[in-house]
Each structure stands twice: as structure tokens, then as C-alpha cells.
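Read through the structure below, which is laid out as C-alpha cells, and then see the notes.
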Number of protein chains: 2
Amino acid sequence: MNRPTLEAVAARAGVSKSSVSRVINGASTVAPSIREVVLRAVRELGYVPHAAARNLATRRTNAVALVVSDPPKGLVSDDPMFSAVVRQASRKLEAAGKQVVLMLAGSEDSRTRVAQYVAASHVDGVMLVSMHGADSLPSTLARKGIPIVSLGRTNPAVPYVDNDNLGGAALAVRHLLGQGRRRVATITGPLDMIASQERLTGYTAVMRETGHRSIVAIGDFTRISGADAMRQLLQDDPGLDAVFAANDLMAIGALRTLRESGRRVPDDVAVVGFDDIEAALYTTPALTTVHSPMTDWATATVDLLLGLFEGGRNAPLLLPADLVVREST
Amino acid sequence: MNRPTLEAVAARAGVSKSSVSRVINGASTVAPSIREVVLRAVRELGYVPHAAARNLATRRTNAVALVVSDPPKGLVSDDPMFSAVVRQASRKLEAAGKQVVLMLAGSEDSRTRVAQYVAASHVDGVMLVSMHGADSLPSTLARKGIPIVSLGRTNPAVPYVDNDNLGGAALAVRHLLGQGRRRVATITGPLDMIASQERLTGYTAVMRETGHRSIVAIGDFTRISGADAMRQLLQDDPGLDAVFAANDLMAIGALRTLRESGRRVPDDVAVVGFDDIEAALYTTPALTTVHSPMTDWATATVDLLLGLFEGGRNAPLLLPADLVVREST
DNA sequence: CTGAAAGCGCTTACAG
DNA sequence: CTGAAAGCGCTTACAG
């Protein structure tokens with residue numbers, strides 16, 4: 001049951017440990033005869049280099065921490081994103097030969113934990129996935145001098161890739177206005193989140209610019225908050241004919257309220273969401289929404305990190321927004 | 001920029017490396033005066049033990065591989081599960097002081113990769129998340145003698161926690177029959193998956209037992225396959241008055257076909273799904289479905305693994321099924 | 001091209 | 001209770 005060491009391989013092959021190491025690591029300066037006898041010994045013994053020993057000697061791990069700000073339970077709005085992002089980032093990193101260490105960073109405790117882990121040289125780099133607001137982690141880690149990138153904007157010191165939240169929101173509102181809608185309301189996300197702020201800004205900018213009055217209700221990205229906000233909007237302004245929700249989940253909640261209040265969608269009120277989650281396909285009517293390219297987003301962020309490993313000094317990147325028109329507008 | 005070593009701490013504190021190590025690891029046999037001076041030095045230097053060195057010396061890593069069988073792209077049916085399971089398992093493992101290394105194992109290549117990784121002693125144990133069929137990995141890993149568990153049944157050699165698929169399907173069918181439905185069809189998942197097989201068996205068992213004829217169409221767990229299968233069922237047996245789909249996504253597809261064909265749900269045809277994904281709440285009408293307790297499932301599986309670490313010899317576990325009745329029946 | 005030796009940064013019997 | 005020393009299993013200049 002004892003695993004074979006490099007030394008055992010050397011003994012069996014009748015060569016030095018140095019030579020075995022060279023063969024294992026594909027050094028070019030190895031005689032074919034030696035290579036052959038070593039490889040045979042490796043095969044016969046079922047040798048696999050011990051990770052910790054190698055890491056200690058090389059000072060590298062070939063691992064990357066994928067740090068996801070884990071929201072409080074119940075806030076499921078980002079579940080589809082979690083899945084898409086974590087999956088795609090893992091695929092890309094594995095393809096690049098990096099192992100993914102997944103770390104959740106919801107509480108202050110877990111943030112300390114992450115910082116310690118990184119400080120212990122467990123990983124060569126860090127990818128932050130931070131859909132949720134202000135965090136102490138980015139700046140803490142950035143100071144350590146370890147390569148780090150962020151999916152979503154966080155700290156000025158951390159290179160990032162972000163969605164064009166502002167452009168996307170503007171696209172949605174222009175679309176509604178272009179249909180002849182006059183009284184366009186918005187339901188915002190939690191305003192301590194940058195994405196929420198930007199989507200709201202996109203909305204208000206277009207409304208102002210086109211001479212319309214802003215009609216705002218505040219939600220928190222959950223479906224229930226969307227339903228509540230919609231009820232309030234209807235009460236405040238029964239004549240509104242369109243609503244832009246800052247995410248799909250709230251849009252879905254709004255649809256339900258509209259149905260309950262006897263409004264037809266899109267005839268009486270048009271609805272646009274944001275994110276293009278899978279559930280947006282299943283609503284009745286199917287939801288018009290701003291597409292968040294989660295897969296591309298994850299890919300671009302991984303590329304940014306890999307670039308950093310190569311010594312690059314990469315600039316932040318903004319992904320273009322895209323409107324998917326379905327039946328709700 | 002050079003990180004301080006244990007030796008540096010010892011020098012600064014004026015004690016031996018042994019003593020520093022003892023303090024760091026909380027050994028009880030340390031004089032308070034020494035502990036104090038060491039802790040101060042640690043603080044002043046910002047010392048964090050080097051992970052690889054420690055792993056090499058102790059032969060342990062405090063890490064666990066979370067191996068997820070990553071399906072081909074496009075098969076999104078398990079996304080909500082991926083999210084719930086990965087998240088909950090991570091939470092639990094982190095709480096137990098284990099670091100989570102996420103590994104995707106969709107292709108044969110990545111499976112080799114996982115086997116190598118485990119063989120390299122990167123981790124102390126493995127948790128498989130294997131919603132998808134027969135896999136070479138479980139038996140390969142089980143042979144290595146490393147603690148391993150599986151969420152979902154896989155290999156006889158691997159302890160697992162599973163959903164009661166059979167019981168859940170039976171529950172669904174009995175519910176439909178209990179409503180007076182007579183011609184109850186089923187849409188199955190891909191039949192190379194154990195979960196699909198069991199859900200089908202649950203259906204046929206109850207149908208036979210109650211003297212009803214089975215009406216079966218085969219799907220693949222995607223929404224589109226559910227829509228197609230429903231179309232076919234309607235064509236074969238226009239008089240059917242209920243359908244049990246082996247997952248929610250297919251049930252959602254079936255709902256759409258039923259609407260298009262002018263059937264009212266639940267008046268003309270009742271529909272039951274399986275899994276209770278979030279989208280099941282948003283359909284019109286909201287979907288009756290068998291709840292898959294993903295969170296509990298992940299928790300139980302982690303507990304099984306932690307038990308193995310403690311030297312336990314844990315038996316497989318079956319989670320009880322539960323029917324959530326909504327508007328579609 | 002190959003090998004002997006030092007070193008990576010910890011932990012852990014072993015003496016005292 | 002404390003310290004000197006050996007050892008964990010690799011890699012990598014350095015000589016030859």
C-alpha cells in the first residue's frame with residue numbers, strides 16, 4: 001500500500017534520481033535509452049509524483065483559487081450564474097493545466113480563511129467571482145502580490161471583466177420607448193451592489209435624456225421582491241405601461257403580480273428583465289431580457305488570469321450587452 | 001517579498017523550530033511564556049505556514065476532491081442541482097476544515113486527470129457527484145484505498161447517499177391515480193442513467209399493481225425532449241388524462257405541448273414532474289413535482305465522507321421522497 | 001548527457 | 001517542557 005517514490009523508480013531503472021526527475025518533467029537533455037528504462041519502471045511501479053514534495057521544491061502549485069462570494073441562503077438569484085460561471089471557469093482552467101480550488105466567501109470568517117489559504121501558497125493565483133457588493137477580500141489579496149482577477153468589478157487594484165450593465169439597461173429602456181411605451185418604471189436590485197447601481201443608472205440616463213420621468217421601486221433581486229415592487233408601482237402609478245426589472249427573477253415576480261391584477265402582458269404592460277436565465281424561457285409569456293453572457297464572461301476572466309501568469313499586464317474588459325426579444329414586449 | 005519561514009519565527013522568538021511548530025499546532029506541552037513570545041513573533045512577521053511543506057511532513061492535505069461528472073454542454077437539466085450540491089457540499093466541508101478541490105469529470109481525459117490527481121496525494125478523500133450513468137472513475141478510485149463516497153449510486157464498492165427515485169415515482173403515480181386519473185403516461189429520462197431506470201420502475205410497478213396499462217415515451221431530461229415525447233404520447237393515446245415526467249424540465253416541455261394542443265392543465269391532463277427545481281414554481285400552472293432534497297442530499301453525503309475519515313464504515317443511505325402538490329394536478 | 005548533493009519548509013520521535 | 005536531528009519526496013544548480 002506504500003506508494004512508490006522517485007527513489008524507488010531510480011533504483012529499479014538503475015539510474016540516478018536526477019535522471020528520473022528529468023524524464024518525468026520532460027527535459028530534453030535525456031538519452032533515449034535512459035528515458036525508455038525510466039518510463040518502463042514508472043509504468044511497472046505505477047509511479048505518480050507526490051504533489052506536496054513537488055510543490056515544495058518548485059514553489060509552484062499549478063492551482064488556482066476560484067473564490068465565490070456565497071450569498072446568504074435563500075438568495076437564489078445567482079444560482080444559474082454560479083453554475084455557469086463555476087463550470088466554465090473550471091473547464092478553461094483545467095484545460096490550461098490549472099487545478100481549481102473552490103472557495104466560498106460569504107462570511108467574514110470565510111474571508112479570513114481564504115486570505116490564509118492564499119498566504120500559505122496553496123495556489124498560484126486567484127479568480128474572484130463577486131456578484132455581491134463591497135468586499136474586503138480583493139484589496140487584501142491584491143496586496144499580497146499574487147496574480148488576481150475578478151469577474152465583476154470590485155477593487156481598483158484588481159483587473160476585472162465586467163458585464164456592460166449600463167449599456168444593457170439602456171438597451172432595454174430604449175427598446176420599450178421605441179415601442180411607444182410612455183410610462184416606463186424600473187425595479188432595482190439591492191443598491192449596495194455595483195451591478196444594481198449601474199443598471200439603475202442606465203435606466204435613469206435614458207429616461208432623462210428622452211424627457212421621461214423616472215419611476216423607481218427598489219427590490220433585492222429575489223422573485224418575491226419583484227412581485228412586491230410591482231404591486232407598489234401599480235398602486236403609485238396605475239397607468240404605467242412598461243417595466244424594466246434589474247434581473248429576471250424580479251421580472252418573473254412582476255409578471256405574476258401583473259397577471260393577478262388583471263393586466264395583460266405585453267398588451268397593457270411590457271416587461272423586460274436582465275440576465276437571460278433559463279427560467280426566462282419558461283414564463284408565460286416568455287420574457288424579453290438583456291442577455292448576460294456568463295460563459296464568455298467566465299472565459300474572458302480566466303484568460304485575464306492566464307495572461308497575468310505569462311507576465312501580462314491586462315486591462316479591464318467590458319462585455320457588450322445584448323437584448324433578447326421574446327413575448328413580453 | 002520573501003515570506004517568513006518557521007525558522008525566521010524561531011530566530012526572532014529566540015526559541016527552537018520545534019517549539020514554534022508546537023505552538024502553531026496547538027500542542028498542549030508548551031510553557032505559556034514560550035507560547036507568548038512565539039505568537040508575538042508570528043504576528044510581527046505575519047507568518048503563515050507553507051502548505052506544501054506541511055503536507056509533505058504530515059502526509060495529509062486537509063483537502064477533499066469534489067468530482068462532478070460534467071455533462072456535455074447543452075444538457076442543462078442538472079444545473080440547478082450542480083449549484084445546490086456544490087455549494088452545500090463546499091459549505092459543509094469548509095466548516096469541517098476541509099478544503100474543496102473542484103474537479104469536472106465529463107470526458108475520458110478528465111477522468112484520467114482526476115485519477116492522477118488523487119494518486120498524487122493531493123487530497124485526503126473524494127466525493128463523487130454523479131448524476132450521470134456508468135463511469136469508470138468510481139471503481140478506479142475505490143481501488144486506491146482512499147476514502148471515497150458518492151452522491152447517487154454508482155459502484156458497489158463506493159458508499160453512497162441516494163434519492164429514493166423509486167419511492168418518489170410511486171408517490172407521483174399514486175397521487176394521480178388517487179385523483180381518479182385512468183390513463184397515466186410517463187416520460188422517462190435517458191435509460192442509461194440509474195435514476196431514470198428507477199423512476200420508470202417506480203411508475204410501472206404502481207401501474208401494474210393497480211391493474212393499469214403502462215404508457216411510456218422516452219426522453220433525455222431536456223425540455224425539448226419532454227415536448228416531443230408529449231406530442232408523441234398524445235398521438236398514440238389522445239385520451240390520456242395524466243402524465244408523470246421523470247424530471248421537471250421535461251414536464252415543462254410537456255406543459256407547452258399540452259397548451260399548444262388545446263388541452264387544459266390540470267382539467268384535461270394532469271402533470272407531475274420530478275426534482276422540484278426552481279423553474280417549477282414559475283410555470284403556468286405551477287408544477288406538482290417530487291421534491292429532490294438536494295441540500296440534505298449533499299449534507300448527508302459529506303457526513304458519510306467525514307465519517308469515513310473518522311474510521312467509520314458507513315452504510316448507504318436513501319433519502320425519503322416527498323411530493324409537492326401545486327396547480328398542475 | 002548524468003549523478004551526488006544541497007535545499008525547499010515543515011513535523012516528529014528521541015534525548016535530555 | 002525543550003532542542004538537535006532526521007526525514008517527508010521532490011527539483012536543480014553544479015561538476016564532470
Side-chain angles (χ1 to χ4, degrees), chain A residues 1-39 41-42 45-63 99 116-124, chain B residues 1-39 41-42 45-63 99 116-124:
Chain A
M1 195 58 248
N2 258 338
R3 45 178 304 164
T5 65
L6 183 144
E7 187 154 15
V9 175
R12 175 154 198 139
V15 301
S16 73
K17 294 198 306 175
S18 312
S19 290
V20 176
S21 180
R22 288 193 193 98
V23 171
I24 300 288
N25 293 296
S28 54
T29 62
V30 171
S33 62
I34 290 212
R35 148 165 289 113
E36 198 172 320
V37 67
V38 167
L39 288 180
V42 164
L45 261 32
Y47 171 70
V48 179
H50 189 97
R54 182 178 254 176
N55 294 348
L56 180 57
T58 60
R59 324 287 295 141
R60 295 194 308 110
T61 64
N62 285 318
Q99 204 38 244
Q116 284 277 119
Y117 192 82
V118 171
S121 297
H122 263 111
V123 292
D124 298 337
Chain B
M1 194 55 250
N2 259 339
R3 45 178 304 164
T5 65
L6 182 145
E7 186 154 15
V9 175
R12 175 155 199 139
V15 301
S16 72
K17 295 198 305 175
S18 311
S19 289
V20 176
S21 180
R22 289 195 193 95
V23 171
I24 299 287
N25 294 296
S28 54
T29 61
V30 171
S33 61
I34 291 214
R35 146 165 291 114
E36 197 172 318
V37 67
V38 166
L39 288 180
V42 165
L45 261 32
Y47 171 71
V48 178
H50 189 97
R54 183 177 253 178
N55 293 348
L56 181 57
T58 60
R59 325 287 293 140
R60 292 194 310 108
T61 64
N62 284 319
Q99 203 38 245
Q116 284 278 119
Y117 191 82
V118 171
S121 297
H122 263 112
V123 292
D124 298 337

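Quick caveat: nothing in here was measured; it's all calculated off a predicted structure. In what follows, every chain begins at residue 1, and chains take the letters A, B, ... in the order their sequences are listed. Only heavy atoms go into these numbers, but all of them, side chains included; no hydrogens, no water, no symmetry mates.
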note = Heavy-atom contacts, protein to nucleotides 10-16 of chain C, under 4.0 Å, summarised as B (base), S (sugar-phosphate only) or - (none) per nt, yield BSBB---

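With sequence neighbours left out, Arg22(A) forms a side chain to side chain donor-acceptor pair (under 3.5 Å) with no residue at all. For Arg60(A), the side chain to side chain donor-acceptor pair (under 3.5 Å) test picks out Asn62(A), with sequence neighbours left out. The salt bridge (Lys or Arg N to Asp or Glu O under 4.0 Å) test applied to Arg54(B) returns no partner, not counting sequence neighbours. Partners of Ser21(B) by side chain to side chain donor-acceptor pair (under 3.5 Å), not counting sequence neighbours, listed by chain and number: Asn25(B). Not counting sequence neighbours, Arg59(B) has no partner by the side chain to side chain donor-acceptor pair (under 3.5 Å) test. In terms of the salt bridge (Lys or Arg N to Asp or Glu O under 4.0 Å) criterion, Arg35(A) has no residue partners (sequence neighbours excluded). Listed by chain and number, the residues in a side chain to side chain contact (heavy atoms under 4.5 Å, CB included) with Ala63(B) are Thr61(B), Gln99(B), Val101(B), Val123(B) (sequence neighbours excluded).
Contact check, Ser19(A) against dG3(C): a side-chain N or O comes under 4.0 Å of OP1 or OP2. Using a 4.0 Å cut-off, some side-chain N or O of Arg59(A) falls inside it from OP1 or OP2 of dG9(C).
The strand DNA chain D forms stems, runs of 3 or more Watson-Crick or G-U wobble pairs with distances below 3.5 Å, at C:1-3 with D:14-16, C:5-12 with D:5-12, C:14-16 with D:1-3.
Checked against dC1(C), dG3(D), dC1(D), the side chain of Thr29(A) finds its nearest nucleotide in dC1(C).
Side-chain contact between Val48(B) and Gln116(A) is present, with at least one heavy-atom pair separated by less than 4.5 Å.
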